[in-house]
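Small disclaimer: the values here were computed from a predicted structure and weren't measured.
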2 protein chains.
Amino acid sequence: MDISTHTSTVRPYTDVLGRLRDAGLRPTRQRLALARLLLSGGGRHVTAEALHASAISAGIKVSLATVYNNLHQFTTAGLLREVVVDSGITYFDTNTTEHHHMYYESEGLLEDAGSDFVIETKLPELPEGVRVKCVDVVIRVERDTN
Amino acid sequence: MDISTHTSTVRPYTDVLGRLRDAGLRPTRQRLALARLLLSGGGRHVTAEALHASAISAGIKVSLATVYNNLHQFTTAGLLREVVVDSGITYFDTNTTEHHHMYYESEGLLEDAGSDFVIETKLPELPEGVRVKCVDVVIRVERDTN
DNA sequence: ATAGCTGCAAATGCTTTGCAAGGCC
DNA sequence: GGCCTTGCAAAGCATTTGCAGCTAT
């Protein structure tokens, strides 16, 4: 069997091109470059502005509008997850698994909460026909001003 | 002892004027009216726009900018609490005690979660000099589309 | 060929700000 | 009177959109 004809459903994390294809997104120059910036490393939390800046300084010619478009397309495709911690700015997280966040409000810094953070919840009684989509937990922290 | 000279530190919930004074905020016509709208009832979740609309339809002449100003002053004074559930819109909660929220994203509806929701929280190890300000929990829900 | 993308600039929506006029102590 | 407030309009910011031109398949 020719390996080149083999279509795996388990893609290595670094097979960005394959992940785009699986998501039904054309690997255009800009999209592929953005996806590589985002998905090749470990967990990252980015804003559109920040990703745009990274892209530009990496020599990728892309507009901010395209960055926004792609961030949303990635999110819809399940490659990213949106995190709401601050009104007025949107963060995207490359870690799409269930986990919680720590937010340094004054610095605008978002981090994953360590796995040693435990919050036990008992879902409340919900009205008829209401379904939980997800439960978001944000630990708001600040540095001592010594 | 003349009752009128008595200064209580425990104000009835409906003593809006006293609460403003305690907060060091002048009871101007607009501020007092907004405070009454907000603080006289039970728990409420409002946006600036919504409060402005309530005020106008209650016959109170007030500008949107003033509503924003006052919402922030109330928040700083501890009379309100800001709730972040959606980027692009700010909610204010008249319930300043520790509790969590349920959010109907598609409707923009925010509600308190029952107090039995969070059972136990074990905070993570934090870096040196980092302090927890608060832990926010948002249950994102949606209605079945039957 | 054609459906999908991109870039630009303009538009949007919420929120903030500057400043002159007005109101509370 | 003096300082805080208000109102209006303009500015600000992050984000979205319209549309002509480009590009992957």
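First and last contacting nucleotides of DNA chain D toward chain A (any atom under 4.0 angstrom from a heavy atom, 5' to 3' order): dA14(D) to dT25(D).
Counting to the nearest Å, the C1' atom of dG7(C) and the CD atom of Gln30(A) are 9 Å from each other. Summarising the geometry, the separation between CG on Leu32(A) and P on dC5(C) is reported as 13 Å, rounded to the nearest angstrom. Atom-to-atom, CD1 of Ile89(A) to P of dT15(C) comes out at 15 Å; the value is rounded to the nearest Å. The nearest whole Å value for the distance from the CG atom in Leu64(A) to the C1' atom in dG7(C) is 11 Å. The distance from atom CG of Asn69(A) to atom P of dA9(C) is 16 Å, rounded to the nearest whole Å. Rounded to an integer number of Å, the gap from CD1 of Ile56(A) to P of dT6(C) is 14 Å. The separation between His52(B) atom NE2 and dG13(C) atom P is 17 Å, rounded to whole Å.
Two residues, Glu49(B) and Arg26(B), neighbour DNA chain C, and the one matched to the more 5' nucleotide by heavy-atom proximity is Glu49(B). Nearer the 5' end of DNA chain C, as judged by each residue's closest nucleotide, is the contact made by Ala48(B), out of Ala48(B) and Arg29(B).
For dT16(C), neither phosphate oxygen OP1 nor OP2 lies less than 4.0 angstrom from any side-chain nitrogen or oxygen of Tyr68(B). A close approach under 4.0 Å does occur between a side-chain nitrogen or oxygen of Thr90(B) and OP1 or OP2 of dT15(C). Phosphate contact (OP1/OP2 of dT6(C), side-chain N/O of Asn70(A), threshold under 4.0 Å): present. Between Thr28(B) and dG23(C) there is no side-chain polar atom (N or O) within less than 4.0 angstrom of OP1 or OP2.
Using a 4.5 Å heavy-atom threshold, the side chains of Ile60(B) and Leu34(B) count as separate. Counting heavy atoms from C-beta on, the side chains of Phe92(A) and His72(A) come closer than 4.5 Å. At a threshold of 4.5 Å between non-hydrogen side-chain atoms, the residues Leu32(A) and Leu17(A) count as touching.
Aromatic ring centres of His101(A) and Phe117(A) lie farther apart than the 6.0 Å criterion allows.
Classification of the His99(B)-His45(B) ring pair by plane angle, with boundaries at 30° and 60°, yields tilted.
Put simply, CG on Asn70(B) and CG on Leu51(B) are 9.0 Å apart, with the number rounded to the nearest 0.5 Å.
Applying the side chain to side chain donor-acceptor pair (under 3.5 Å) rule to Glu142(A) yields the partners Arg131(B); only residues at least two apart in sequence or on another chain are considered.
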